[in-house]
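Just the heavy atoms: all of them, side chains too, but no hydrogens, waters or symmetry mates, feed the values below.
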Amino acid sequence: MRRYHLFHSKACELRSLPVQEVDAATLVKEGQVLLQSGLLGGLLLCVNNHYMVVLASDMSYSLESETLGSLAWRKAIFIPEQLSSEELMTKWLKQPTDVPIITNAAGQFLAMLEPLAVAGAIHDELIKMRAYLDSVLNQVNESVCGIDRLHRVVMWNPKAEELYGVNADSILTHRIEDFFSNLRVSNCMHEKKELKGHYHQPCEGTHVLINSAPVMAGEEVLGGLSVEKDITEVVQLNQELTRASSQVKLLEQEIKKMSGQDDAFRKLIGRSQTIRNLISFGKKVSVTDATILLRGESGTGKELLARAIHQNSHRHLFPFIVVNCGAIPANLFESELFGYEGGAFTGADRKGKPGMFELANGGTLFLDEIGEMPVEMQVKLLRVLQEGTYYRVGGSQPVQVNVRVLAATHRDLETMISRGQFREDLYYRLNVVSLEIPPLRDRREDIPELVHLFLQEFSPKYDKSINKLEPAVMTSFLDYSWPGNVRELKNAVERLVVLTEGETIDEQSLPENLRRNTYISVVTSPVTQGKLMSVAVEAEKQLILKTLQQVRGNRSEAARVLGIPRSTLYYKLRQLGIPAKG
């Protein structure tokens, strides 16, 4: 049995008197002479192969001629000198009429224990144990309560008085139910089970963590004990912290709104349903740490969407690092991504260099054109995504990073996998969430708004005051297929701003590819086949109708987008037979 304390003395330390072994045929007279000196506690003799003890009192009324063997009726019980007094008592109480004889390791008889002396020693130990117990109860910072089998309080320390405001003199010897309800200590006692670190609210305004268990003596239940740690202050502080955190969150939301972080997707311009769906889904996944694969043609705005996702995430205060996988030479790919130790290769910086993963730690790493990554690097990237660790080039110590990875490509990764150009396992690891950005030709209704936005951006840049477009220019924009998508549109508007001298962009300023594409689109349309004038009128009508659809029938907004006065728009509506309202 495990022991956690040592109070009891050894058997040899208890008060005792020497014992002398004699022959069983020794006369009572001789025995009396031996014991009259008072130096011996008793006489030990062997009778019928059993050791017996004769005390002076046993010979008081005996004849001097009798033998000691005829008087011997006290059996000897032998106790090793190293046995504790606690163990001695356990053994002795099984045979209380026997006389304890202390023996050494060799089995030699050393002394005889006097019952009254042993009782006195045990009393002294009881006082010592009680002193230690009282000191423990006074010093611990937990409330201690003990009850007996009748639920009477037998232990109530100063911390319990302080916690519950109940004086020990008032509660000791009384049933605990007279003071408290919903008790854990009595439940544990009757169910013979322990409770560890259980949260409990014994009374209003008091919060504790309770440890409770039955008090056992072997299989017998003597009572119950509970030790309770006061956590009222901690609970109250936590409640205050929760309230403060709520206020901080509200302030953070206000700061986000003021800084624009709350609307990180505002740069994704467009009112088409496809763009609205893309933004809505992007906001949902941005607040997670899921790996995202952005797919779409070149120039559709994959990096813009990646930045919005990062800015709308909990990582927005940490770096957003962009890696163009198509612009890094294959032999430098590993050192660029993972960095290198000093002197790792010829020409390497002696101090070493951190890689892109290390620079993005805590934030987001955007791997643009992931389809261009060399196959041998793909397996190393997969390891980082799975384990969050990697080794610098020339390094032997693992580097731990916490990075969210966003990847983008315009290539058909599924075909590349079938050709062995892209690892299938990496594809599935990157493609946790996939976002497809539509090409500009599939959302032509967004073109007028984008054109207006780019005009506002480039006019001040080049010190121009351009605020109008000829209808034919917008028609060209709407009919063009835009293989370069938004990037090509932006470059086209910038070129027009640079080349335009006045306040209006006319058709003559359009680049050749736009005019040729528009001409082919218009003259091959079944609706507009016929005379040149009919073609021009129909083109103008179609442009106005598309613009009105884009601005949801708002005539003032349509006039602004078309770059004409509102009165002119109403005139054209009448001339072309387009209803002014509805």
Side-chain angles (χ1 to χ4, degrees), residues 257 260-287 292-313 366 368 406 408-410 433-459 466-467 469 471 473-497 505 514 517-518 521 542-563:
K257 291 179 181 178
Q261 196 269 332
D262 188 55
D263 190 16
F265 291 81
R266 69 190 185 282
K267 292 185 178 180
L268 293 172
I269 305 300
R271 301 181 184 179
S272 62
Q273 190 60 46
T274 54
I275 286 296
R276 288 203 297 266
N277 292 342
L278 179 68
I279 292 174
S280 176
F281 192 55
K283 287 181 177 180
K284 288 180 181 179
V285 299
S286 65
V287 296
I292 301 176
L293 180 62
L294 308 178
R295 310 191 71 162
E297 295 179 6
S298 179
T300 51
K302 296 187 290 295
E303 182 176 338
L304 194 66
L305 178 57
R307 287 185 182 275
I309 290 172
H310 167 75
Q311 194 65 21
N312 201 56
S313 72
F366 176 52
D368 197 10
L406 307 179
T409 184
H410 69 280
V433 176
S434 180
L435 295 179
E436 186 79 27
I437 307 177
L440 190 57
R441 61 181 173 274
D442 289 345
R443 54 184 188 106
R444 294 179 187 273
E445 60 267 40
D446 292 333
I447 290 177
E449 187 175 358
L450 288 167
V451 170
H452 179 70
L453 176 71
F454 295 146
L455 278 177
Q456 289 182 326
E457 178 182 347
F458 293 121
S459 291
I466 299 171
N467 51 31
L469 288 91
V473 174
M474 186 60 73
T475 301
S476 298
F477 283 153
L478 291 171
D479 287 339
Y480 185 55
S481 60
W482 298 108
N485 294 292
V486 180
R487 184 186 293 119
E488 184 183 4
L489 174 62
K490 185 175 183 179
N491 291 340
V493 173
E494 184 176 11
R495 180 183 185 277
L496 291 173
V497 170
I505 296 176
L514 277 172
N517 182 279
T518 303
S521 173
Q542 292 299 321
L543 173 61
I544 293 175
L545 287 171
K546 287 182 179 179
T547 304
L548 285 171
Q549 183 183 8
Q550 163 65 27
V551 298
R552 300 180 179 180
N554 188 321
R555 301 321 191 213
S556 298
E557 181 67 11
R560 186 187 62 77
V561 173
L562 291 169

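- In this structure, CG on Leu268 lies 5.0 Å from CD1 on Ile279, to the nearest 0.5 angstrom.
- Counting only heavy atoms from C-beta outward, the side chains of Phe454 and Val486 approach each other to under 4.5 Å.
- We find the CZ-CZ distance between Phe477 and Arg444 to be 13.0 Å, quoted to the nearest 0.5 Å.
- Considering only heavy atoms from C-beta on, Leu435 comes within 4.5 Å of Ile309 through its side chain.
- Listed here is the closest heavy atom pair of Ser272 and Asp446: OG-OD2, 2.7 Å.
- Checked against side-chain contact (heavy atoms from CB on, under 4.5 Å), Ser556 has the following partners two or more places apart in sequence or in another chain: Asn554, Arg566.
- The minimum heavy-atom distance linking Gly270 with Ile275 is given by the pair O-CG2, 3.8 Å.
- Tyr480 has its side chain out of reach of Ile447: every pair of non-hydrogen atoms, C-beta onward, lies at least 4.5 Å apart.
- Leu406 and Ala306 make their closest contact through CD1-O, 3.6 Å (heavy atoms, listed as atom of the first residue, atom of the second, distance).
- When atom types are taken as modelled, the side chain of Thr547 and the backbone of Leu543 share a donor-acceptor pair closer than 3.5 angstrom.
- Atom CD of residue Glu303 and atom NE2 of residue His310 lie 12.0 Å apart, to the nearest 0.5 angstrom.
- Contact of the Leu294 side chain with the Phe366 side chain is registered, since non-hydrogen atoms from C-beta on lie closer than 4.5 Å.
- Proximity of Pro448 to Leu478: side-chain heavy atoms (C-beta onward) are separated by under 4.5 Å at one or more points.
- Annotation: side chain of Asp442 is not in contact with side chain of Thr274 (no heavy-atom distance under 4.5 Å).
- Taking a cutoff of 4.0 Å between a charged side-chain nitrogen and a carboxylate oxygen, Glu494 and Lys490 do not qualify as a salt bridge.
- Annotation for Leu469 and Met474: closest pair CD2-CE, 4.4 Å, computed over non-hydrogen atoms.
- Closest of all the heavy-atom pairs between Ser313 and Ser286 is CB-O, 3.1 Å.
- One distance of note links CD1 of Ile269 with CZ of Arg443; it measures 9.5 Å at 0.5 Å rounding.
- Looking at residues two or more places apart in sequence or on another chain, you find no side-chain contact (heavy atoms from CB on, under 4.5 Å) involving Gln549.
- The NZ atom of Lys546 sits 13.0 Å away from the CG atom of Leu548 when rounded to the nearest 0.5 Å.
- Annotation: side chain of Glu557 is not in contact with side chain of Arg552 (no heavy-atom distance under 4.5 Å).
- The shortest side-chain heavy-atom distance between Ile505 and Leu455 falls under the 4.5 Å cut-off.
- For Glu436, the side chain to side chain donor-acceptor pair (under 3.5 Å) criterion is met by no residue, not counting sequence neighbours.
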Exercise. For Leu453 and Glu449, what are the C-alpha separation, side-chain angles and deciding distance, and is it a side-chain contact (heavy atoms from CB on, under 4.5 Å)?
Worked result: CA-CA 6 Å; Leu453 176 71; Glu449 187 175 358; 5.7 Å; no

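- Residues passing the side chain to side chain donor-acceptor pair (under 3.5 Å) test with Ser459: none are found, sequence neighbours excluded.
- Evaluation of the side-chain contact (heavy atoms from CB on, under 4.5 Å) rule for Thr300 yields Glu297, Lys302, Ile437, Asn485 as partners, not counting sequence neighbours.
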For this session: Show your reasoning for whether side-chain contact (heavy atoms from CB on, under 4.5 Å) applies to Leu440 and Leu450.
Result: CA-CA 10 Å; Leu440 190 57; Leu450 288 167; 3.8 Å; yes

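- Here the CZ atom belonging to Phe458 is positioned 11.5 Å from the CD1 atom belonging to Ile466, to the nearest 0.5 angstrom.
- Here Arg487 pairs with Ser298, Asn491 under the side-chain contact (heavy atoms from CB on, under 4.5 Å) rule; sequence neighbours left out.
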